[in-house]
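Just so you know, these numbers come straight off a predicted model, no measurement behind them. Note on naming: letters A, B, ... go to the chains in the order of the sequence lines (proteins, then strands), and numbering restarts at 1 for each one.
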Amino acid sequence: MSNHYIERPRYTCAQGGAAATVTALPGGIPILHSPSGCAGNFAWTQNGGSGLQVGGYCGTLAIPSSSIQERDVVFGGDDRLREQIENTLKIMDGSIYAVLSSCVTEVIGDDIKSVVSDFKRKGIPIVGAETGGFKGNSYLGYDLILKSLFKDFLDRDLEKKKKRVNLWGIIPSYDPFWRGNLEEVRRLLEQLGLEVNSFFLAEDTIEAIRQAGSASLNIVISHAYGLEAAELFEEIHTTPYISVPLPIGASASESFLRTVGKTAKVSSKLTESVIRAEKKRYYRYLEPLTDCITDLDLQRYAVVIGDANNATAVTKFLADDLGWLPELTVCTDQLQEHEQERLREQLKHLESRYPVTLVFESDGSRIREHLKEKWPATGAGRYQNLFSPAFVVGSSLDRELALELGAPHLSVSFPVANRAILDRGYTGFRGGLRLIEDLIGAVVAGR
Amino acid sequence: MSYIDLKTPPKREDRLNACIAHAGTICEMAAGKGKKSCLQNDGDRSFTQGNICLLLPALAMLNTLPDNVVLQHSAVGCGSCTHSQNANVRFGSNARHGKPKDGIWLSTAMNETDVITGGEEKLEQAIIEADRRYKPFSITVVSGCVPGIIGDDIDSVVQRVQPEVNARLLPVHCEGFKTKIWATAYDAVYHGIGRTLLRSGEQSPDADGLSPYKGLERLPYTVNLMNVSSMGKIDELELERLLNSLRLEVNVFPVFTHPESMVKATQAALSISTCPTHDDYFLSYLEERFGVPALIRHMPIGIENTGLWLRDVAARFDREQDVERIIEHEEKELKAALAEFRPLFEGKKVFISAGEFRALATARLLEEIGFTVVGIRSFHHDHFAEVEYEKLAKSSTEDYVIDIANVQPFEEANLLRRLKPDLFLGHANGNGTASKLGIPTHAIYHTALAYIGYKGVYEIARRLHRELKNPIYNRKLADNVRLPYRDAWYETSPFSYITKGDSAA
């Protein structure tokens, strides 16, 4: 990993993550306070990385932008922003407007907070977030805009509803499987009798989002994203949160349900009956694949490459459910030490006890070197214990590694340039089955 | 002294009086010749939607260069558009070398500390490290808004580090807030190439004082075919076919060209542009410093324009008779082939949106195959396009709207609801509005598809015929989703938010 550059960053900047998040809200209208090019940069980024999903109700080049120019840089962009917001309200039909600042407007010291609060005082549903790109990547942007939403948009001092929970931690578009991943988790929570607000799905409404403060529990499906927002939520609205890993497949979903059930005070009888029913279906559907798993010798060594949500979650699924051999797991996010520790912790307690090596590496082309270290060549001539048969689960940028290894490949983490994704997800019991279909499908594609 | 001697190229609004905000009509734009003062003071919009900046087209070119590393000096998001452009790099490498290959792009990912203390040191280290790690022939150091605003001087960093590294270093200036005309991107890239890889003044002058890059000879029947990434291999092949038929060798420049072999461009007998929006800056440089004359008018899109383009080339090599024979043959064959598609197109209304030259040339093509143009949006306007507006004004029986807009889908949504076209052609990520209104849509540019020359006419017609045979996808979409505009907006003039400069005629 270089200290001076990031190779092919597998995300965009904070403003891009925040913009995608606002677009995913019901009736969400982002307003970029930035030079003209930021919206287009995000459109092209999603076009190339988000499984062919670009935009939404108000996304891509439809996003209002103050498109500040050199003269605004000299004289300040506050007036231009004010004008832009006023006209946005006349033209764009939204249920929530979110002003997102950029590198340039932050360096020149524009005060979006005071501009936004002027509009807010008039009763406009508007928030603002300082999302200058130099602050961090798209995951940080997600956290920043959620914080603004929790602080400035949600109704306060609401009475808590016992069975009501909020769900987040999976980032719109920058997890290309966000819809499917959120939907399945939501479905599982509903099985537990909980009422779920998930912010970004078709079932969610802006009214329910306003009432999010009435939830008794916040469930953050991540060990890295959306956690600062969860802290702030608790501070303002007193709702506690739990942070759990992305539950992929039967084992992870089972422990997810138990953890949530316990924390949300669901009767263990109900929790256990949900787990029983889900597992029954899962194994009933998996059963007929079993012959071919053996007959076609479908067990694989694996390299897993992904963001902080996917890397360890997919690894756990491969090791603990599918019985594969994930030798090397690479998290491509640049995480802080305590976040790295949480990811390491996840892999320390694998049921299979498979000794996975976890590395944090933002330069994709170095993964080959990490693999060499983990799996040095042994033997010679006709007796070689090669890293084979192998599989590479990662992003579309890891196809070259797969090619080198002669291994099949599946894109599951941003960027996903080579798959069209609508509501496919890998979470939960159903997602586990999807992932098996896709992995095995890639192995037998030439059959 | 010419522009190339300056550290950074001028922006197009200064160099060409290019503008982006104007509500016009085809007759007015065509009549503007000689009295285009109405456009010299560009308008403004008091409401704008986001679009792109010069960084995107610049990266689209730079990412294709083999053996080159693109080092982005800015915050981490700048250049993430490469995730999409990389598909073009892979596809283009496969088409040219039989193997898909990912581009290599890096970001210095400037953070809050860099913003405060300056990012030059980090950039310096990044260059040295990238040189050692990837061992590329060249590293293009591309600056975004952040270094532009905090005052990092990428040129002096490059100068300082160059002796320490093997790679040739090309600074490319893409500070997005500095120009609203993103076509400045082409100047920025060409500027970097000219000042580093094709430095003039080192060659020994011949009789007229100008000669190719040092030690190289003039190639009397080789022409430079300029491609800044607006044509795929399939289009290059079509133009090569036509130029070969005039007994000319073709040197495609600069996309997918190894930086080391770029010097070949100085040896050519002629440079041929397919689009003045792209190439005027660099063609002047090749002409002034290396004695390579240039052709820069007409875009070979459509039957008439392809013929005009070819005739211009032939005239330079005294091959007028050959070219007439070739054109006659090509047109005859093409027109016969188009006959089966024409009935479905006849009388259908079309709206076109793209970069100025591309939009206008494509409009003419669509007329030629039977459509009626009802509106055009050009992403910007400069004087090079006047002749194209004239061509269209002559061929149309009715006046129609010309919206000079750097995309701005809200104006488009309003216009399309009024004009109700039967077909919309737009740029990548610019077809969604029309789709959601239920209008059949087609991409006006895609490097995997054919658009150029005679073959391009046929392939566009064939694709449009296919799409119009079943446009139900967009219709169903329109029944079920809505655009993010208030109903009141559609009752307002589409140009209500263009403020100054709109003094049409």
Pairwise salt bridge (Lys or Arg N to Asp or Glu O under 4.0 Å) hits with a residue in residues 61-71 of chain A, at least two apart: E70(A)-K11(B), R71(A)-D44(B)
With chain A, which of A75(B), C78(B), C81(B) has the greatest number of heavy-atom pairs at distances under 4.5 Å? C81(B)
Look up atom NZ in K135(A) and atom CG in N111(B), then write down how far apart they are to the nearest 0.5 Å. 12.5 Å
Tell me if a side-chain donor or acceptor on E400(A) pairs with a main-chain N or O of K101(B) at a distance below 3.5 Å. no
Contact part of L61(A) toward chain B, heavy-atom cut-off under 4.5 Å: side chain, backbone, both or neither? both
Pick whichever of D93(A), L403(A), N418(A), D363(A) has the most heavy-atom pairs under 4.5 Å with chain B. D93(A)
Per-residue contact mode, Y490(B) against chain A (heavy atom under 4.5 angstrom): neither
Examine whether an atom of F414(A) lies under 4.5 Å from a heavy atom of chain B, and if so say whether it belongs to the side chain, the backbone or both; otherwise answer neither. side chain
R80(A) versus chain B, the contacting section by heavy-atom distance below 4.5 Å: side chain
Over 12 foreign heavy atoms within 6.0 Å of CZ, F91(B): no
Check the pair D102(B), R8(A) against side-chain contact (heavy atoms from CB on, under 4.5 Å), reporting the backbone distance first and the verdict last. CA-CA 10 Å; D102(B) 291 314; R8(A) 299 172 181 139; 3.8 Å; yes
Between chain A and each of G103(B), G144(B), S74(B), count heavy-atom pairs under 4.5 Å; write down the option with the most. G103(B)
Atom pair OG1 (T45(A)) and CD (Q85(B)), whose distance is rounded to the nearest 0.5 Å: 9.0 Å
Part of L55(B) within contact of chain A (heavy atom distance under 4.5 Å): neither
Do N429(B) and Q46(A) have side chains that get closer than 4.5 Å, going by heavy atoms? no
In Å and rounded to the nearest 0.5 Å, what is the CD1 to SG distance from I52(B) to C38(A)? 12.0 Å
Heavy-atom pairs under 4.5 Å with chain A: which of V115(B), V146(B), V69(B), D487(B) has the most? V115(B)
Around atom CG of D79(A), are there more than 12 heavy atoms from other residues, nucleotides or ligands closer than 6.0 Å? no
Can you say whether K178(B) sits under 4.5 Å from chain A via the side chain, the backbone, both, or neither, judging by heavy atoms? both
So, R45(B) versus S67(A): side-chain donor-acceptor pair below 3.5 Å or not? no
Side-chain (T48(B)) to main-chain (S65(A)) donor-acceptor, under 3.5 angstrom: yes
Below 4.5 Å, heavy-atom pairs only: which of P415(A), G364(A), S138(A) has the largest tally toward chain B? P415(A)
Contact class of I31(A) relative to chain B, heavy atoms under 4.5 angstrom: neither
Portion of F410(B) that has a non-hydrogen atom of chain A nearer than 4.5 angstrom: side chain
In terms of heavy-atom pairs under 4.5 Å, which option from C53(B), G119(B), G148(B), A413(B) contacts chain A the most? C53(B)
H83(B) NE2 to R10(A) CZ distance, which is reported to the nearest 0.5 Å: 8.5 Å
Between V104(A) and chain B, which part of the residue has a heavy atom less than 4.5 Å away: side chain, backbone, both or neither? both
Given G430(B), P484(B), S84(B), the one with more heavy-atom pairs under 4.5 angstrom with chain A than any other is P484(B)
Between A109(B) and chain A, which part of the residue has a heavy atom less than 4.5 Å away: side chain, backbone, both or neither? side chain
Name the region of S66(A), side chain, backbone, both or neither, that has any atom closer than 4.5 Å to a heavy atom of chain B. backbone
Exceeds 12 heavy-atom contacts within 6.0 angstrom, atom CZ of R368(A): yes
Scored by heavy-atom pairs under 4.5 Å with chain B, the best of E106(A), Q84(A), Q334(A), Q69(A) is Q84(A)
Options V73(A), I108(A), N137(A), V54(A), ranked by heavy-atom pairs under 4.5 Å with chain B, top entry: V73(A)
Smallest heavy-atom separation, G79(B) atom then N41(A) atom, equals N-OD1, 3.8 Å
Is any side-chain heavy atom of C145(B) closer than 4.5 Å to one of P35(A)? yes
Report the option among F42(A), Y57(A), Y11(A) that has the most heavy-atom pairs separated by less than 4.5 Å from atoms of chain B. Y57(A)
Atom OG1 of T113(B) and atom CZ of F134(A): how far apart are they, to the nearest 0.5 Å? 10.5 Å
Between K90(A) and W489(B), does the side-chain contact (heavy atoms from CB on, under 4.5 Å) criterion hold? Intermediate values first, please. CA-CA 8 Å; K90(A) 285 183 206 153; W489(B) 166 238; over 6 Å; no
What part of I127(B) gets within 4.5 angstrom of chain A, counting heavy atoms only: side chain, backbone, both, or neither? neither
Please walk me through it: do S365(A) and R133(B) pass side-chain contact (heavy atoms from CB on, under 4.5 Å)? CA-CA 10 Å; S365(A) 70; R133(B) 168 142 191 94; 3.1 Å; yes
Within a strict 4.5 Å, meaning less than it, do heavy atoms of the W105(B) and P9(A) side chains meet? yes
Closest non-hydrogen atom pair, V76(B) against G136(A): CG1-O, 3.9 Å
Contact summary for A62(A) and Q49(B), nearest pair of heavy atoms: O-NE2, 3.0 Å
Who wins among S107(B), S496(B), A87(B) for the most heavy-atom pairs under 4.5 Å with chain A? S107(B)
Does any backbone or side-chain atom of N3(A) lie under 4.5 Å from a heavy atom of chain B? Answer side chain, backbone, both or neither. backbone
The reported gap from CD in E83(A) to CZ in F47(B) (rounded to nearest 0.5 angstrom) is 11.0 Å
If we only count heavy atoms from C-beta on, is the M92(A) to Y485(B) side-chain gap below 4.5 Å? yes
So, do Y5(A) and Q125(B) sit near enough that their side-chain heavy atoms are less than 4.5 Å apart? no
Between chain B and each of I91(A), D72(A), L397(A), I6(A), count heavy-atom pairs under 4.5 Å; write down the option with the most. I91(A)
